[in-house]
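Just below is one structure, and these are the notes that go with it.
Note that the coordinates shown come from a computational prediction; the quantities given were computed from them, not determined experimentally. Whatever order the structure lists them in is the order used to number ligands and atoms, beginning at 1. Note: hydrogens, waters and symmetry copies are ignored here, and every other heavy atom, side chains too, is used. All residue numbers in this chain count up from 1 along the given sequence.
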Amino acid sequence: YILPGTPLTTSCKNVAHSAISTSQQRPRVPSLRRSVSLRMATSVSKEEMTEQLKGAKKMIEDLIDKTNANPIMVRLAWHDSGTFDASINADWPKAGGAIGSIRFEPEIKHGANAGLAGAVKMLEPVKKQFPAVSYADLFQMASACAIELAGGPKIDMKYGRVDAAGPQDCSPEGNLPDAEAGPNGKYGGTSGTKPTEDTTPNGHLRKVFYRMGLNDEEIVALSGAHTLGRAFKDRSGLGAEKTKFTDGSQVARADGKAGIGRTGGSSWTEKWLKFDNSYFTTIPNKSADPELLKLSTDKTLFDDEGFRPFAEKFRDSQDEFFKSYANAHKKLSELGSKFEPADGIKI
Ligand code: HEM
């Protein structure tokens, strides 16, 4: 499932003063005249880029509202950025991260990414209509919009991410976390940029997230994204075919409207299209409905001494959760990204 790069836009307003190249490699040509004309063919002004970003945001918001695709957009963005390895000092984009490489084979075919090709496909019409916006930006934008639309915190996003150019920029398989141990009793493995193998879920989570440069508070806060969404048998193999919360019989949306998209799977929370702190109130609740999902990597947030203070804080205060989540999400959304212009674009 290869999604080829979209042709570069040809708008040339204000190139001289605030040009943003949509290509990573500036052509090296001897004549100034030729250089300018080439740049004009591959660049858009900051103003034009801002307009395209705003247009893309509006289109994404409509798309998510219509399809209830909030959870899968959050998962798509996280699986693009979560490959980052902070210890790799080689040239961009060798360290992985939020670079849009998930749209290419082999990355989109990694086991952890099962189901995400459909999410990339949903965003293709947006890319077509706003071609100057990178895939890396589209993925991260869709996630931030999804959270906000579901009632979650506003995330201080910036845009202008440069896209990975091709399959050669894909991360190796094995950088994302496992929710349960494999048949050998171990989580993770040795195939990613760094081994993440561990016999415990907390040890495994730390190996994965510390590799990204994230800390315990950020691990716990980001895990709270499971307040949205479901696990599916035909993707991760986890959860049930369906539950009373996912069969379409109950309202899951934050605004009380009907509609869940595809039925089935197991959710972590009852209202799994609403972003709130119910993940943290449900996981430790022994009398929570048994049809709700509690994976080993969820339960460890209340068992591990380093994680527990944060998990309890987020259980007791949705405000604290939202504050911490918004900061951690912003950081996650920028891991490994290269921005043009370097300080990004706010819309
Ligand atoms: C802490 C380690 C994590 C593990 C082990 C984990 C594992 C999983 C698994 C097994 C699924 C089910 C996938 C499927 O069957 O379709 C899932 C879904 C999901 N994950 Fe995570 N995840 C983790 C962290 C995160 C983070 C950091 C985020 C976002 C910030 C996130 C967001 C989501 C969302 C929104 C879904 C629901 C997707 C849907 O409904 O289509 N997860 N996760």
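Geometrically, Lys313 does not engage Phe321 in a cation-pi contact, judged by NZ or CZ lying under 6.0 Å from the ring centre and within 45° of the ring axis.
The pair Lys323-Asp319 does not count as a salt bridge, with every side-chain nitrogen at least 4.0 angstrom from each carboxylate oxygen. At a threshold of 4.0 Å, the pair Lys207-Asp198 counts as salt-bridged, since one of the basic side-chain nitrogens sits closer than that to a carboxylate oxygen. The existence of a salt bridge linking Lys271 and Asp276 is excluded, since no basic side-chain nitrogen approaches an acidic carboxylate oxygen closer than 4.0 Å. Between Glu241 and Lys233 there is no salt bridge, since none of the side-chain N atoms of the basic residue sits less than 4.0 Å from a carboxylate O of the acidic one.
Of all atoms in ligand 1, numbered sequentially from 1 with element shown, those under 4.0 Å from a heavy atom of Ala179 are 5 (C). Per-residue contacts place Gly229 under 4.0 angstrom from the following atoms of ligand 1 (heavy atoms of the residue considered): 37 (C), 40 (O). The distance from ligand 1 to the heavy atoms of Thr297 drops below 4.0 Å at these ligand atoms: 5 (C). Every atom of ligand 1 is numbered from 1 in the order shown, and the set under 4.0 Å from a heavy atom of Tyr325 is 30 (C). Close approach to Ala231 involves these atoms of ligand 1, each under 4.0 Å from a residue heavy atom: 12 (C), 14 (C), 15 (O). Remark: ligand 1 atoms within the under-4.0 Å shell around heavy atoms of Leu205 are 1 (C), 2 (C). Residue Phe209 approaches ligand 1 through these ligand atoms, each under 4.0 Å from one of its heavy atoms: 1 (C), 2 (C).
Around atom 6 (C) of ligand 1, the closest heavy atom drawn from His226, Arg75, Glu180, Met73 belongs to His226. Of the listed residues (Ser143, Ser236, Ser223), the one carrying the non-hydrogen atom nearest atom 15 (O) of ligand 1 is Ser236.
For Tyr325 and Phe314, the distance between ring centers is not under 6.0 angstrom.
In terms of protein heavy-atom proximity, atom 29 (C) of ligand 1 is closest to Ala225 CB, 3.3 Å. The closest protein non-hydrogen atom to atom 40 (O) of ligand 1 is Arg230 N, 2.8 Å. At the top of the distance list for atom 3 (C) of ligand 1, counting protein heavy atoms only, stands Pro177 CG, 3.6 Å. Among protein heavy atoms, atom 10 (C) of ligand 1 sits closest to Leu238 CD1, 3.6 Å. Scanning all protein heavy atoms for the shortest distance to atom 35 (C) of ligand 1 gives Pro71 O, 3.3 Å. The single protein non-hydrogen atom nearest to atom 11 (C) of ligand 1 is Trp268 CH2, 3.8 Å, given as residue, atom name and distance.
Remark: side-chain polar atoms of Arg211 are paired, donor with acceptor, to backbone N or O of Asn175 under 3.5 angstrom.
Annotation: side chain of His226 is not in contact with side chain of Trp272 (no heavy-atom distance under 4.5 Å). Side-chain contact check for Phe310 versus Asp216: some heavy-atom pair is nearer than 4.5 Å.
Ligand 1 does not have Phe275 within reach: every non-hydrogen atom of the residue lies 4.0 Å or more from it. At least one heavy atom of Asp178 sits closer than 4.0 Å to an atom of ligand 1.
Glu124 and Tyr135 share a side-chain donor-acceptor pair at under 3.5 Å. For Ser296 and Glu180, the side-chain atoms include at least one donor-acceptor pair closer than 3.5 Å.
The proximity of Trp78 to ligand 1, defined as any non-hydrogen pair under 4.0 Å, is limited to the side chain.
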